[in-house]
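What follows is a single structure, written as structure tokens, with notes after it.
In each ligand, atom 1 is the first atom listed, and ligand 1 is the first ligand listed.
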Amino acid sequence: MKIRKKDNIFARATDRIAAFEFDDKVASVFADMIERSVPGYADIIRMLPVLAERFAVAGSNCYDLGCSLGAVALALRAGIKAPGCRIYAVDNAPAMIARCRDHAAAPSPFPTPIETLCADIREIEFSRAAIVVLNFTLQFLPVADREPLLRRIYDGMVPGGIVVLSEKITHDDPYSRDLLIDIYHAWKHANGYSQLEISQKRTALENVLRPETLAVHRRRLEQIGFRHCEPWFQCFNFMSLTACK
Ligand code: GEK
């Protein structure tokens, strides 16, 4: 049995907290970190085979953008029934993609190949895309880079294809914003993170993870041409939506 390594990266008090990076230290505890830091993460992953079965058409491509350890790619592979599909799992952090590669290469009863790419998602080509998943990845791009990326994704998609966009969000109403952040921190504390860990991680993510409101995400997708933009999951200040071409 594989023991999951515990995330205690921010457990010790530090004078100067460096900006958060997806380095080897983070990659080695990532499975534990994301489960205890993103409410609903496991639920979102569990739903993906259902979407994959419905939307992957014969000969199409599926993309897991910012794949980290490859949880999305593996979930898509488990759901795809259409023949001749291919999954691209892309991340620009070498420490993540090395682990993702091992997961993708492990024996599997599902036939769809997973190709792993160590690349910036702003620089890859999209073609015949039926499913494109950005599971808590877009939030790490500079705001100005988000629309051009989504536009290129749209152009590379087949009609009827979907984007799954999961993001930490913020709220225009200050009361709702502060309340949801507070509840989120209480949830993290209940998951075993100390107040110091929560506060130091928050500082490290400042200017690295830039959340936007649901309305901003929706408007951007609709301006590009995506239709039927529907949030299908929300827990506190985290949500996931689907948008169709
Ligand atoms: C999951 N989706 O387990 N190009 C490629 N990768 C990037 C870029 C970029 N420009 N910017 C950030 N990343 C995963 C979780 S984590 C979310 C996604 C989190 C990658 C980065 O290296 C990291 O692996 C991932 O996006 C974000 O479902 O840690 O909150």
Indicate every side-chain donor-acceptor pair of residues 43-50 with a distance under 3.5 Å to a residue at least two apart or in another chain.
{"unit_1": "Asp43", "atom_1": "OD1", "unit_2": "Arg46", "atom_2": "NH2", "d": "2.6"}

Do we see a donor-acceptor contact under 3.5 Å between the side chains of Asn135 and Tyr41? no
For Glu147, which residues count as a salt bridge (Lys or Arg N to Asp or Glu O under 4.0 Å) partner, sequence neighbours excluded? Arg151
N or O contacts of ligand 1 with protein under 3.5 Å, please list pair by pair.
{"unit_1": "ligand 1", "atom_1": "2 (N)", "unit_2": "Gly66", "atom_2": "O", "d": "2.8"}
{"unit_1": "ligand 1", "atom_1": "2 (N)", "unit_2": "Asn135", "atom_2": "O", "d": "2.9"}
{"unit_1": "ligand 1", "atom_1": "3 (O)", "unit_2": "Tyr41", "atom_2": "OH", "d": "2.6"}
{"unit_1": "ligand 1", "atom_1": "4 (N)", "unit_2": "Ile121", "atom_2": "N", "d": "3.0"}
{"unit_1": "ligand 1", "atom_1": "6 (N)", "unit_2": "Asn92", "atom_2": "N", "d": "3.2"}
{"unit_1": "ligand 1", "atom_1": "6 (N)", "unit_2": "Asn92", "atom_2": "OD1", "d": "3.3"}
{"unit_1": "ligand 1", "atom_1": "10 (N)", "unit_2": "Asp120", "atom_2": "OD1", "d": "3.1"}
{"unit_1": "ligand 1", "atom_1": "22 (O)", "unit_2": "Asp91", "atom_2": "OD1", "d": "2.6"}
{"unit_1": "ligand 1", "atom_1": "24 (O)", "unit_2": "Ser68", "atom_2": "OG", "d": "2.8"}
{"unit_1": "ligand 1", "atom_1": "24 (O)", "unit_2": "Asp91", "atom_2": "OD1", "d": "3.4"}
{"unit_1": "ligand 1", "atom_1": "24 (O)", "unit_2": "Asp91", "atom_2": "OD2", "d": "2.6"}
{"unit_1": "ligand 1", "atom_1": "28 (O)", "unit_2": "Tyr41", "atom_2": "OH", "d": "3.4"}
{"unit_1": "ligand 1", "atom_1": "28 (O)", "unit_2": "Asn135", "atom_2": "ND2", "d": "2.9"}

Out of the candidates Arg146, Gln139, Arg219, only one should pair with Glu212 under the side-chain contact (heavy atoms from CB on, under 4.5 Å) rule; please name it. Arg146
Determine the interplanar angle of the Phe140 and Phe22 rings, folded into 0 to 90°, and report it as parallel if under 30°, tilted if 30 to 60°, perpendicular if over 60°.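 Perpendicular: the ring planes of Phe140 and Phe22 meet at over 60°.
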Extract all donor-acceptor atom pairs below 3.5 Å that involve side chains of residues 176-185 and protein atoms in other chains or at least two apart in sequence.
{"unit_1": "Ser176", "atom_1": "OG", "unit_2": "Asp173", "atom_2": "OD2", "d": "2.6"}
{"unit_1": "Tyr184", "atom_1": "OH", "unit_2": "Ser37", "atom_2": "O", "d": "2.5"}

